[in-house]
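Below you'll find the structure, written out as structure tokens, and then a few comments.
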Amino acid sequence: MRRLIACLIAPVVLVFPALGAEKITTFTLDNGLEAVVLEDHRAPVVVHMLWYKAGAADEAPGVSGIAHFLEHLLFKATDKLEAGEFSAVVEANGGSDNAFTSWDYTAYYQRIAADRLDLMMGMEADRMRNIRLTAEDVETERKVILEERAQRTDSDPGALFGEQRNAAQYLNHPYGRPIIGWRHEAAKLSREDALGFYRKYYAPNAAVLIVAGDVDPAEVEALAKKHYGPLEPTVGLEARVRPEEPPQRAERRIVYEDPQAAQPYVIRSYMAPERDAGDQKTAAALTLLAKILGGPGQTSVLGRALQFESNKAVYTSAFYSGMNYDDTTFGVFIVPAPGLSLQQGEDEMDAVIAKFLEDGVDAEHLARVKSQIRASLIYGQDDVASLGREYGAALTSGLTVEDVQQWPAVLDAVTEEDIMQAARLVLDRKKAVTGWFRKPSAEEVSQ
Amino acid sequence: MIRVVLATCLALITFPAAAIDIKEVTSPGGIKAWLVEETSIPFTALEIRFKGGASLDAEGKRGAAYLMSGLLDEGAGDLTSTEFALAAEELAFKYDFDASSDSFSVSAQFLTENRDASLELLRKALNEPRFDQDAVDRVRAQVLSIIASDSEDPNDIAGKTFASLAYGDHPYATKLEGTAESVTMLTRDDLIASHKSLLTRDRVYVGAVGDISAEELGVILDELLGALPETGPDLPGPAPFLLSGGETVVPYNTPQSVAIFGHAGIERTDPDFFAAYVMNQVLGSGGFGSRLMDEVREKRGLTYGVYSYLVLREHVNLVMGQVSSSNDSVAEAISVIRDEWAKMADEGVTEEELETAKTYLTGAYPLRFDGNARIANILASMQFDDLPIDYIDSRNSQVEAVTLEDIKRVSKRLLKPENLHFVVVGKPTGLDASN
């Protein structure tokens, strides 16, 4: 039954840093490269990740998708490697590799036997400064990213709807652009566009190294010095300041109609503050608010009211992720029960939210959510790679290692009143985008 | 420079065997399980798998197993659905029930400090589900919503069409979620019957990893599983494979076509199984070194991803694959795939490809064993597939033993480009609308 969430929206995944301080080591090289080492000696495996503080929100206007396109091109040739050879070497050593791009970061990783770390670092350092792009490689790979867009976005009405909602959310901030790029811009991305972005951002002073697994921190530092140490930083790299959002003065509403929209739903995303370095309290309250409002149906505020005490909804949820460089969103979601219109579903959801703002947080509910957070500190130790991703995302989203380490305590300290204060701050329809997803209205009526 | 380094590496590689110490545990009541004790983190991962799954749906009751699996925690024993969820939250007990085409599985993780209370919840869900009518109706509405969403998903339409053309009247021919009609007709009694048929002691396989001793596990097995029925209905038996070579186009309004393709495959117990497995690594594993990825994506830019894989199911074995490509290029992608299929059938792999594939497969294998939940899953799968308890130690040498000749033989026997059937969903140009 958990599939429904995956079909319609990204699930809320909470990962908590869980290692004892003695298992985390940090260091910074002279050229500015920050590094975090997480030890787990249960299996002879290492995950080597290099994160760049550059993503889709750092692109210039008109070249949306360049951060993601460049990510693809990093698997082409360098001075030392032929196109495709990077991955071939990883595979020939029994490892797997990949990369991902978000609005705030681009990251590359390999998962491999721990004694291959030296080789991986050598290759990753090589492609930080030395890629060699041929016109032909760029041409072919541009076709690949357009196929990727066709597969992941253009063939999926839910994804197209998400893209529209996001564009409506941000009038001025580049978070409103799709990571993969608008099709008409992605189709024109050039070798020069890619190299411009590359030369500026692919530098040790814009990168974070994460090594997680069966490693000795002193050895990792020595290897990092050997491979990443000689690389030149980008001189004059300015602070990341993106255009800010103006105050939202009018409610924004979107109706997305598509004959292939089989399951109608309503989704609303409110502008919300993100986690800030040294100041994570509001984000912590919003994190718990999402669990209380829209966690599992049997126990959450929306679920109990709309799925259990009445049959107004097939499914409800709430979601929030504070891991952003700039302002983020807090979302609520409802699949109305058969026979209810989207308007009725939205009204029911709003009524529950209004009542929640009156009633406040149930103390026992908050205690249960906190006990799960404490348990996740134990469960989290089983997956050191995901802890590594947590640190990588944090350090490229403006947070520090201390912020990540303090996060469980910040969450644990949140009070009922903190949550209500955050709820009152954020849950204002006039500072949100409300989206309806359905078949063209004639078909909706006839259903 | 890197090439020289690489060659040296290849010569020196000796991958560590996965250091996994598996014990077979038999409970006082006679239920077997495989256990790895791992006490460094105070929790345990438990994987319980029953053979049969949705293939045991009774005639006309398609979707019963799937709906049943969504109801086990929606009221059990003396607890209502909400009371059950509240208790699980308090204990931070994590669990999931899942019906797939050949199995019903339980994946659970519990803290050592909350072990007894967590397992008492699990016992109630497995043994005393209530199937209260309001819960049945509520979860049924969720399933109907999933069925509706899937009905507009090109990948799902392709898979559904392939199965309906391939498997005749075998349960595999229809989706295990059922249809809107079949799920609407399911009654509480159907779900009770499904529960009784699927969760039986003669078809259960258990893997446990974590902070738990053999003795403790034995007691738990009896408590969780001891009161279940001894046996259930017969499994459905071999599925036919009725598709012959060609293409079926399902017209669908989308900018990119999705293609699923396949033909008959190979048994896991076949002496040439490992040769086929290594061969597929070269053909279509999806890595950038694989031939399909190289030809369709890297050289021509026709797709974001193309894969082939050996499908090993309880009642059928296939070689299958999938690709997505724009409507005006999917015909070319299919033609390239057929050519690669033929080339592999005729020539097999090169010495270099074989060595690279072996090094990858043997090196990647120990990396799978890196978390309690992952290992518990592997332990249950190994028993489910009737593999010996020392399989992990011998697996890499079986990969190593594959020769160029083995691959040539198995490629010729297995890969039949003329038998490949492609189901294409979209508005492809240059493909016949029916075949």
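We name chains A, B, ... by the order of the sequence lines, and we start the count at 1 in each one. Below, each value reflects all heavy atoms present in this structure, side chains not excepted, and no hydrogens, waters or symmetry copies. The model shown is predicted, which means the values in this text are computed figures rather than measured ones.
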Against chain A, label Thr80(B) side chain, backbone, both or neither, depending on which of its atoms sit under 4.5 Å from a heavy atom there.
-> neither

Is there a donor-acceptor pair closer than 3.5 Å between any side-chain N or O of Gln263(A) and the backbone N or O of Ala148(B)?
-> no

Would you call Glu364(A) and Glu90(B) a side-chain contact if the rule is heavy atoms closer than 4.5 Å?
-> no

Structural part of Lys76(A) lying under 4.5 Å from a heavy atom of chain B | side chain

Any donor-acceptor pair under 3.5 Å from Asp382(A) side chain to Gly371(B) backbone = no

Side-chain contact, heavy-atom cut-off 4.5 Å: Gln298(A) with Glu74(B)?
-> yes

Between Gly301(B) and Thr140(A) the two heavy atoms that sit nearest each other are N-CG2, 3.5 Å

Are the side chains of Asn253(B) and Pro259(A) in touch, meaning some heavy atoms are under 4.5 Å apart?
-> no

Could you check Gln372(A) against Lys94(B) for side chain to side chain contact (heavy atoms under 4.5 Å, CB included), going step by step and ending with a plain yes or no?
-> CA-CA 10 Å; Gln372(A) 287 186 300; Lys94(B) 304 204 289 186; over 6 Å; no

Flag, side chain of Tyr379(A) to backbone of Phe43(B), donor-acceptor distance under 3.5 Å = no

Tightest non-hydrogen contact, residues Thr299(A) and Leu86(B), listed as CG2-CD2, 3.5 Å

What part of Asn311(A) lies closer than 4.5 angstrom to a heavy atom of chain B: side chain, backbone, both or neither?
-> neither

Please identify each residue that fulfils side chain to side chain contact (heavy atoms under 4.5 Å, CB included) with Lys312(A), with sequence neighbours left out.
-> Leu306(A), Ser310(A), Leu340(A), Glu348(A)

Find out whether Lys143(A) and Arg297(B) are in side-chain contact, i.e. whether some heavy atom of one side chain is under 4.5 Å from a heavy atom of the other.
-> no

Rounded distance (nearest 0.5 Å) linking atom OG of Ser326(B) with atom CZ of Arg149(A) = 12.0 Å

Most heavy-atom pairs under 4.5 Å with chain A, out of Ser81(B), Gly210(B), Ala141(B), belong to Ser81(B)

Salt-bridge criterion met for Lys299(B) and Glu136(A) (N-O under 4.0 Å) = no

Between the side chain of Gln256(B) and the main-chain N/O of Gln151(A), is any donor-acceptor distance below 3.5 Å?
-> yes

Neighbour count above 12 (heavy atom, 6.0 Å) for Lys370(A) NZ = yes

Side chains of Ser145(B) and Tyr315(A): closer than 4.5 Å at any heavy-atom pair?
-> no

Considering non-hydrogen atoms only, spot the tightest contact between Glu298(B) and Glu141(A) and give its length.
-> OE2-OE1, 4.2 Å

Chain B shares the most heavy-atom pairs under 4.5 Å, among Val45(A), Asp126(A), Val369(A), with Val45(A)

Determine, for Arg300(B) against Glu147(A), whether the closest basic-nitrogen to carboxylate-oxygen distance falls under 4.0 angstrom.
-> no

Residue part contacting chain A, namely of Glu38(B), when any heavy atom lies under 4.5 Å | side chain

Comparing Ser325(B), Ala45(B), Pro154(B) against chain A, the one with the most heavy-atom pairs below 4.5 Å turns out to be Ser325(B)

Quick one: CD on Glu89(B) to OG on Ser300(A), what's the gap to the nearest 0.5 Å?
-> 8.5 Å

Does any heavy atom of chain B fall under 4.5 Å from the side chain of Glu139(A), the backbone, both, or neither of them?
-> neither

Tell me, side chain or backbone of Ser151(B) under 4.5 Å from chain A's heavy atoms, or both, or neither?
-> side chain

Going by atom types alone, do Glu148(A) and Tyr304(B) pair a side-chain donor with an acceptor below 3.5 Å?
-> yes

Inspect the contact between Arg111(A) and Asp370(B) and indicate whether a charged nitrogen and a carboxylate oxygen are less than 4.0 angstrom apart.
-> yes

Taking every heavy-atom pair that is under 4.5 Å apart, which of Leu111(B), Leu91(B), Thr254(B) has the most such pairs with chain A?
-> Leu111(B)

Selection from Phe84(B), Phe93(B), Phe110(B) maximising heavy-atom pairs under 4.5 Å formed with chain A | Phe110(B)

Using a 4.5 Å cut-off on heavy atoms from C-beta on, say whether the side chain of Ile41(B) contacts that of Ile378(A).
-> yes

Could you tell me which portion of Glu352(B) (side chain, backbone, both or neither) has an atom closer than 4.5 angstrom to a non-hydrogen atom of chain A?
-> neither

Pick from Ser371(A), Ser155(A), Ala43(A): which one has the most heavy-atom pairs with chain B under 4.5 Å?
-> Ser155(A)

Taken to the nearest 0.5 Å, the spacing of Thr356(B) OG1 from Glu91(A) CD works out to 9.0 Å

Residue Ala375(A) versus chain B: region with a heavy atom under 4.5 Å = both

